[in-house]
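Quick notes on the structure that follows.
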Amino acid sequence: GIVLTSLGFLNLFKAIVANMPTAAAAQGIAIGIMAVTFCFSGFLIAEQNIPDYFIWIYWITPYSWLLRLFCCNEFMSSGNDGEYDVMVNLPSGAMRQGDLILHSFSIQSGQEWVGWGF
């Protein structure tokens with residue numbers, strides 16, 4: 001996932017540089033694309049806080065898929081000494097600590113996201 005995303009952005013930036021008249025113009029476009037990508041990846045703005053008319057950016061940016069992949073891979077496991085398997089009592093019922101962490105950052109939990117990330 002990381003290698004393909006890095007190669008994809010590398011080629012995107014090469015295409016931007018090849019089509020811009022100056023280096024300053026290419027940097028401005030590239031910074032704008034990266035800012036939108038990072039803002040709507042779910043890292044800076046959680047999915048539940050993204051306006052409905054911008055949610056499509058969340059689903060097409062590769063960083064949102066990588067973030068879900070890494071978070072599900074980490075928090076769906078048992079963690080160090082089973083720390084993520086500890087049951088936490090909530091008013092709505094008991095929940096695994098790993099699932100609670102994913103839910104608090106509005107990251108979908110489930111092993112299928114690990115497969116989609118690759």
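Nothing fancy with the numbering, it's 1 onward along the sequence.
- Taking Asp52 as the reference, nothing meets the side chain to side chain contact (heavy atoms under 4.5 Å, CB included) condition, with sequence neighbours excluded.
- The structure places CZ of Arg96 at 14.5 Å from NE2 of His103, a figure rounded to the nearest 0.5 Å.
- Heavy atoms only, all atoms of each residue included: Asp85 and Ser77 are closest at OD1-O, 4.2 Å.
- Rounding to the nearest 0.5 angstrom, the gap separating the CD1 atom in Ile16 from the CG atom in Asn11 is 11.0 Å.
- Met87 belongs to no multi-residue hydrophobic cluster, having no ILVMFWY side-chain contact under 4.5 Å with any other such residue.
- How far SG of Cys72 is from CG of Asp99: 9.0 Å, rounded to the nearest 0.5 Å.
- Interatomic distance, Glu47 CD to Leu67 CG, rounded to the nearest 0.5 Å: 11.0 Å.
- Residues Ile107 and Leu100 do not share a hydrophobic cluster, defined by chaining ILVMFWY side chains whose heavy atoms lie under 4.5 Å apart.
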(request) Take Phe40 and Phe54 through the side-chain contact (heavy atoms from CB on, under 4.5 Å) test and state the conclusion after the steps. (result) CA-CA 8 Å; Phe40 293 105; Phe54 283 137; 3.9 Å; yes
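- In this structure, Ile50 and Ile57 have side chains that are not in contact, with every pair of non-hydrogen atoms separated by 4.5 Å or more.
- Of all non-hydrogen atoms in Trp65 and Trp59, the two that sit nearest each other are NE1-O, 2.9 Å.
- Here side chain to side chain donor-acceptor pair (under 3.5 Å) pairs that include residues 12-25, with residues two or more places apart or in two chains, number zero.
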(message) Applying side-chain contact (heavy atoms from CB on, under 4.5 Å) to Asn73 and Phe70, what does each step give before you reach the verdict?
(response) CA-CA 5 Å; Asn73 188 43; Phe70 292 140; 5.5 Å; no
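- Screening Leu66, Leu10, Thr61 for a side chain to side chain contact (heavy atoms under 4.5 Å, CB included) with Thr5, the sole residue that qualifies is Leu66.
- For the atom pair CG of Leu102 and CZ of Arg68, the computed distance is 11.5 Å after rounding to the nearest 0.5 Å.
- Taking every heavy atom of both residues into account, Ala46 and Ser106 meet most closely at CB-OG, 3.4 Å.
- Other members of the cluster containing Val86 do not exist, because no ILVMFWY side chain is joined to it at under 4.5 Å.
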Output side-chain donor-acceptor pairs under 3.5 Å for residues 23-38, partner residues at least two apart or in another chain, one line each.
{"residue": "Thr37", "atom": "OG1", "partner": "Ile33", "partner atom": "O", "Å": "2.8"}

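- How far CG of Leu7 is from CG of Leu12: 12.5 Å, rounded to the nearest 0.5 Å.
- With sequence neighbours left out, the side chain to side chain contact (heavy atoms under 4.5 Å, CB included) criterion links Ile101 to Phe75, Tyr84, Gln97, Phe105.
- When every heavy atom of Pro62 is checked against every heavy atom of Phe9, the shortest pair comes out as CG-CE1, 3.5 Å.
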